[in-house]
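Taking it in order: structure first as structure tokens, then the write-up.
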Amino acid sequence: MVSKNIIPDVLTFNVLVDALCKEGMVVEAKGVVEMMIQRDIEPNTVTYNSLMDGYCLKGQIGKAQKVFDLMLSKGSVVDVVSYNTLINGYCKNKKIDEAMMLFLDMSRKGLVPDTITYNTLLDGFCKAGRIQNAQKLFYEMQACGQLPNVRTYAVLLDGMCKNRQLSTAMQLFREMEAKKLDMDIVIHSTLIEGLCIAGKIESARDLFCGLSSKGLEPDVRTYTIMISGLCIITGLTSEAENLLIQMEEKGCSPDNYTYNTIIRGFINNNETSRAMVLIQQMVEKGFSADASTTELIVHLLSKDEVDPALLPLIKQSF
DNA sequence: CTAGGGTTAG
């Protein structure tokens, strides 16, 4: 029996490189790229873009930059996606000024920044607390003919909420409604969090309760935001616990974030024994205390505020 | 192949 010798082409390798990168296996992805070169299958722009993103995801921005430089030196086409990927890498690593240099660089090369380019940079500025820069870029993108989309607004809304500019956030929210943009669950969750941060728990609750009438379903993040607002920010631990039960009933499973949030809420409000019940629940579901919750629990132990009978349970939660 | 939301002690 003679088997057909099928030689994988560049597209096949690209799928592999991208999958490895997304799994965090960037070393293996690089190995595949080297193998391609050995076999005289020239990696293309997509191959290198995937590899750059793989490095960026691991915070290895220097290596991502090297891939970018390699593309330039060997004459591979560097496209908008290449720039967007590297710009995102710099932004996520808090190097927004380097990201802006690339943005200027791409324009010099005649590449037109797209909505993704602007959204990425806007997020970088917002997360760096540079709201003024974000607002300026927001106007600039529109002047350049790039229409803001839902993600653009989501980025700005989050920036306003986190930087305690709730009234500007609310203004944006209304602007979105007026523009008939698709107001999805992310937008609503973001504003609910902003309201909680501003101490407006009643408004947050109203927005949360009105979701279903807008045809939206809260997801695990929405619930966690609401639970955090109730028990950590406001001290309404019982209501938070009810919400935990309610989310389960609605088929939305709490995750590690949810449990750590509510447990911290109970400990912060000196409700140690109820916190222990939730720790037990968390352990039973296979979740565990994160670094911050662990510190709180260790602190409780040091104050002798925990029933020694619970020690095995606590050990399990770490 | 690239862009948005959740926990951070005292």
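Order of the sequence lines sets the chain letters (A, B, ...), proteins ahead of strands, with each chain counted from 1.
Closest approach to the T120(A) side chain among dT7(B), dA3(B), dC1(B) is made by dA3(B) (side chain taken as heavy atoms from C-beta onward). Distance from the side chain of N84(A) is smallest for dT2(B) among the nucleotides dT2(B), dG6(B), dG4(B). Of the candidates dA3(B), dG5(B), dG6(B), dG6(B) carries the atom nearest the Y257(A) side chain, counting heavy atoms from C-beta on. In this structure, the nucleotide among dC1(B), dG4(B), dG6(B) sitting nearest to the side chain of T258(A) is dG6(B). Residue T224(A) has its side chain nearest to dG6(B) when only dG4(B), dT2(B), dG6(B) are considered. For I116(A), the listed nucleotide lying nearest its side chain is dT2(B); candidates were dT2(B), dG4(B), dT8(B).
Listed for the D105(A) side chain is no donor-acceptor partner under 3.5 Å among the backbone atoms of M101(A).
Summarising the local packing, NZ of K315(A) is surrounded by 12 or fewer heavy atoms from other residues, nucleotides or ligands at distances under 6.0 Å. Around the CE atom of M170(A), the shell of radius 6.0 Å holds no more than 12 heavy atoms that belong to other residues, nucleotides or ligands.
Taking 4.0 angstrom as the limit, K92(A) places none of its side-chain polar atoms (N or O) nearer than this to OP1 or OP2 of dT2(B). At dC1(B), none of the side-chain N or O atoms of N44(A) fall inside 4.0 Å of OP1 or OP2 (strictly under the cut-off). When the side-chain nitrogen and oxygen atoms of K303(A) are compared with OP1 and OP2 of dG10(B), none of them lie within a distance under 4.0 Å. Residue K127(A) has a polar side-chain atom (N or O) positioned under 4.0 Å from OP1 or OP2 of dG5(B). Look at K162(A) and you'll find a side-chain N or O under 4.0 angstrom from OP1 or OP2 of dG6(B).
At the heavy-atom level, N256(A) lies nowhere under 4.0 Å from the strands shown. Contact annotation for S82(A): no contact, since no heavy-atom pair falls under 4.0 Å across all strands. I232(A) comes within 4.0 angstrom of sugar-phosphate atoms only, judged by non-hydrogen atoms across all strands, and of no base. In this structure, S189(A) reaches the bases: a heavy-atom distance under 4.0 Å links it to at least one base atom across the strands shown. Note on D290(A): a base of the nucleic acid sits closer than 4.0 angstrom, heavy atoms only.
Side-chain atoms of T190(A) stay outside donor-acceptor range of the base of dG5(B), with no qualifying N/O pair under 3.5 Å. The base of dA3(B) sits with one of its N or O atoms less than 3.5 Å from a complementary donor or acceptor on the side chain of N149(A).
For H188(A) and F208(A), the ring centers sit 6.0 Å or farther from each other. If you look at F103(A) and Y83(A), their ring centroids are not closer than 6.0 Å.
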